[in-house]
Enquirer: 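Take a look at the following structure, please.
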Amino acid sequence: KQAEIAWPTIHRGEAVLAEQSAWLGLPGSWGWGVLAAPPVLALLVLSAVGVGRMVHDSSAMKKIETRQAALASLKAAQTPEDVLAAVVGYIAGRCGRSERGMTSHEAVRLLTDAPPEKVSRVRACLDQCEHLRYSGSSDADVDELKQQAHEAIDALDSASLHASHERRQ
C-alpha cells in the first residue's frame, strides 16, 4: 500500500516541477541537455588539444635535453672517440634509441628523416672521427673535430625544426 501512496506523490511532484519550470521559462530535461552539450563538447575539444600539446611539449623537451647532453659531452671531449660518442649519442637520443653498442654507420642509417645534405655532413664528421681515432690526433685536430660535430648537430636540429614546422602548417 505504501508503494501505491508514494507513486502519486512522486508523480505529483514531477508535475509540479514541470509546471514551475514552464512558468519560470526553464527548459525541460531535453532543454538542459541541449544547453549543456556545447560547453561540454568545447571542454572535450580543449582537453584533447591540451593533451596533444603536452605530448608535443614533452617531445620537444626530450629533443632539447638530448641536444644539451650531446653538446655538454662535446664540450668535455678530449679525443676523437669522445667526439664520436657525443654525436652518436645525440643521434640515438634523437631517434629514441640506445646508443650502447651503436656504430657510426648504424647512427647514420637512423637519419631517415633528415635531408641528404645534412646526413652527408654528419657522415663526414663521423668518418673524420674514425680516421683520427686510428691515425692519431693532436689537440688542434680534436678542436676542429668538435667544431665540425657541433655544426653537424646544429644542421640536424635545424632540419628537425624545419620539418616539424612544415608538419604543423
Enquirer: Which atom pair, heavy atoms only, marks the closest approach of Gly93 to Lys62?
Expert: O-CE, 4.4 Å
Enquirer: If we only count heavy atoms from C-beta on, is the Val142 to Gln78 side-chain gap below 4.5 Å?
Expert: no
Enquirer: Report the distance from atom NZ of Lys118 to atom OG of Ser120, rounding to the nearest 0.5 Å.
Expert: 11.0 Å
Enquirer: Closest approach of Ala86 and Ser73, non-hydrogen atoms and distance?
Expert: CB-CB, 3.8 Å
Enquirer: How close do Ser104 and Val88 get, heavy atom to heavy atom, and via which atoms?
Expert: CA-CG2, 4.2 Å
Enquirer: Using the test salt bridge (charged side-chain N to carboxylate O under 4.0 Å, His left out), find all partners of Asp141 that sit at least two apart in sequence or belong to another chain.
Expert: none
Enquirer: Is the side chain of Lys146 donor-acceptor paired with the backbone N or O of Lys75 at a distance under 3.5 Å, no angle test?
Expert: yes
Enquirer: Would you mind reporting whether Arg123 and Val119 have side-chain heavy atoms less than 4.5 Å apart?
Expert: yes
Enquirer: Indicate yes or no: at least one non-hydrogen side-chain atom of Leu74 is less than 4.5 angstrom from one of Tyr90.
Expert: no
Enquirer: Checking Arg109 now: which residues fulfil salt bridge (charged side-chain N to carboxylate O under 4.0 Å, His left out) with it, not counting sequence neighbours?
Expert: none
Enquirer: side-chain hydrogen bond (donor to acceptor under 3.5 Å, both in side chains) with Asp143: which residues, sequence neighbours excluded?
Expert: none
Enquirer: Rounded to the nearest 0.5 Å, how far apart are CG of Leu71 and NE2 of His150?
Expert: 4.5 Å
Enquirer: Are the side chains of Ile153 and Arg94 in contact, using a 4.5 Å heavy-atom criterion?
Expert: no
Enquirer: Hey, does Val83 have a side-chain heavy atom less than 4.5 Å from the side chain of Leu132?
Expert: no
Enquirer: Looking at Ala149 and Cys125, what are the two nearest heavy atoms and their distance?
Expert: CA-SG, 3.5 Å
Enquirer: Taking all heavy atoms of Glu106 and all of Gly101, pick out the closest pair and write down the distance.
Expert: OE1-O, 3.6 Å
Enquirer: State whether Arg133 and Asp82 are salt-bridged, where the test is any N-O pair (Lys NZ or Arg NE/NH1/NH2 against Asp/Glu carboxylate O) under 4.0 Å.
Expert: no
Enquirer: Is it true that Arg121 and Asp154 make a salt bridge, defined as a side-chain N closer than 4.0 Å to a carboxylate O?
Expert: no
Enquirer: List the steps and the verdict of side chain to side chain donor-acceptor pair (under 3.5 Å) for Gln147 and Glu151.
Expert: CA-CA 6 Å; Gln147 182 61 35; Glu151 291 169 2; 3.1 Å; yes
Enquirer: Report the distance from atom CD of Glu130 to atom CG of Leu126, rounding to the nearest 0.5 Å.
Expert: 7.5 Å
Enquirer: Look up atom CD1 in Ile91 and atom CZ in Arg97, then write down how far apart they are to the nearest 0.5 Å.
Expert: 12.0 Å
Enquirer: Could you measure the distance from the OG1 atom of Thr66 to the NZ atom of Lys63? Nearest 0.5 Å is fine.
Expert: 9.5 Å
Enquirer: Can you measure from CD (Gln128) to CD (Gln148) and round to the nearest 0.5 angstrom?
Expert: 6.0 Å
